Amino acid sequence: MKTSDLPFSVSFKLRTTSPYSFALTVHKPAGWSLLTPYEVFEDDTLWTAARFSSGEMHGLKITSSGKVNDASVICELFSQERPNTNETERLRQIVAWMLSAQENIRPFYALAERDSLVKALVHDLFGMRRTKRLDIFPQLILAVTLQMAPIERSDQMMTLLIEQYGEKVTFDGKEIMYWPSPEKIAKVSVTELKERCKLGYRAPFLKGIAEDVRMEFPTFRELEAMSAESAKARLMELKGIGDYSADIASPHPGFALDVWSARIFNLLLFGKEPKSPRALIPRLKKIAEKRWGEWRGYVFTYVLNDIPNLARRFKLNLEEL
DNA sequence: GCGTCCAGGTCTACC
DNA sequence: GGTAGACCTGGACGC
């Protein structure tokens, strides 16, 4: 595994719009990581890694000051070269965008006044934000490995991919492993991906995606600048990326329902388990769009991170799904 | 132990 | 355009 030491660092402070819960945003209750499964969260501080432009790796040490209604994020960014003033400002803006520090989520919270589910979610996870990432490839790996597999199996595939082909950065006394680059996966044979990462039929999909992404493919920010429909259509041009995976990888707020989450939403909305959850997915997506509009992505993220509380509050067996 | 079934999608061939 | 069947792997289940 390639290892990079990151001796230089710059620090900056980010102001946030209220409410902003740093801990809930960077360390989600359901266990989803901000940027890599190998990041470290201790004493309200996160050490993680990121691949920004040109494939360059950075280390991030992030913490916060203030309360949910008046929070600032304090970031120390580590790199191999000392960044100049312009580069520091560019990186500062990327981190602020990534952490949704300036996003106005008041309209989402306003939904709580007339929607009992949103009211419960806002109460339980006050100030939590959806986050973004600059490099699209890890998001596509996530989408592909989530297909047709229980979460333990998906974890196995993702862990093997990072351990076999990922990169490691060392900074501030920490070692953080990060996702492989598309350039790296494009060079690996399908047979090797199958054998070493247990990807099965997903191996040719992932190799093809890596080849496409490293050649000519929009960046995450370019996809964000497109309309939601155009971005999704572009993602679905990648072989192995269908409707569900495109919703996961797209920067636009989608409603990435799979069989498991369809069962959860059907229980939450109608109080019963669906007989055929897969067939119900298109209908549930339409309901979500009508009921929560552009905030349906937030509802999705909040629900998946609030299952124990929702199960207790609405007396549903959500945790057994 | 061993065989069978099937899962937190997608593609393709066939109608 | 709609839909059944195949696809890796590994855990659950029945015997």
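Each chain gets a letter, A, B and so on, in the order the sequences are listed, and its residues count up from 1. Here the structure is a predicted model, which is why all the values come from computation and not from measurement.
- In the model, A:E103 has a side-chain atom that pairs as donor or acceptor with a side-chain atom of A:Y298 under 3.5 Å.
- One interatomic measurement links the two molecules: CE of A:M157 to C1' of C:dC8, which rounds to 8 Å at whole-angstrom precision.
- Here A:S154 lies out of heavy-atom contact (under 4.0 Å) with every strand.
- Atom pair A:M158:CE and C:dT9:P shows a separation of 17 Å (rounding to whole Å applied).
- Using a cut-off of 4.0 Å between Lys/Arg side-chain N and Asp/Glu carboxylate O, A:D243 and A:K285 are scored as salt-bridged.
- With both pairing distances under 3.5 Å, B:dG8 is matched to nothing as a Watson-Crick or G-U wobble pair.
- Looking at A:F255, A:F270, A:W260 one by one, the single match for ring pair (Phe, Tyr, Trp, His ring centres under 6.0 Å) with A:F265 turns out to be A:F255.
- Nucleotide C:dT9 holds its P atom 9 Å from the CG atom of A:L199, rounded to whole Å.
- C:dG2 and B:dG8 are spaced 27 Å apart, taking the P atom of each and rounding to whole Å.
- Residue A:K198 contributes atom NZ, which lies 14 Å from atom C1' of C:dG11 at whole-angstrom precision.
- Looking at A:F22, A:F41, A:W32 one by one, the single match for ring pair (Phe, Tyr, Trp, His ring centres under 6.0 Å) with A:H27 turns out to be A:F41.
- Side-chain to base pairing of A:R202 with C:dC7: no donor and acceptor N or O lie closer than 3.5 Å to each other.
- Of the P atoms belonging to C:dC8 and B:dA13, the separation is 15 Å, rounded to the nearest Å.
- A donor-acceptor contact under 3.5 angstrom links the side chains of A:T170 and A:D5, judged on distance only.
- When both pairing distances are held under 3.5 Å, C:dC8 makes no Watson-Crick or G-U pair with any nucleotide shown.
- When each of A:S261 and A:F205 is assigned the nucleotide of DNA chain B bearing its nearest heavy atom, the one mapping closer to the 5' terminus is A:S261.
- C:dC7 atom C1' lies 12 Å from atom NZ of A:K239, rounded to whole Å.
- If you check every strand for non-hydrogen atoms under 4.0 Å, A:L257 touches nothing.
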| field | Evaluation steps, ring pair (Phe, Tyr, Trp, His ring centres under 6.0 Å), between A:F108 and A:Y302 | value | CA-CA 11 Å; A:F108 169 53; A:Y302 268 60; 5.2 Å; yes
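- For C:dG5 and B:dC5, the C1' atoms lie 16 Å apart once the distance is rounded to whole Å.
- Taking a heavy-atom distance under 4.0 Å as the criterion, the stretch of DNA chain B touched by chain A extends 5' to 3' from B:dA7 to B:dT12.
- Counting only N and O atoms by type, the side chains of A:R15 and A:S72 include no donor and acceptor under 3.5 Å apart.
- The distance between atom CD of A:E152 and atom P of C:dC8, rounded to the nearest whole Å, is 22 Å.
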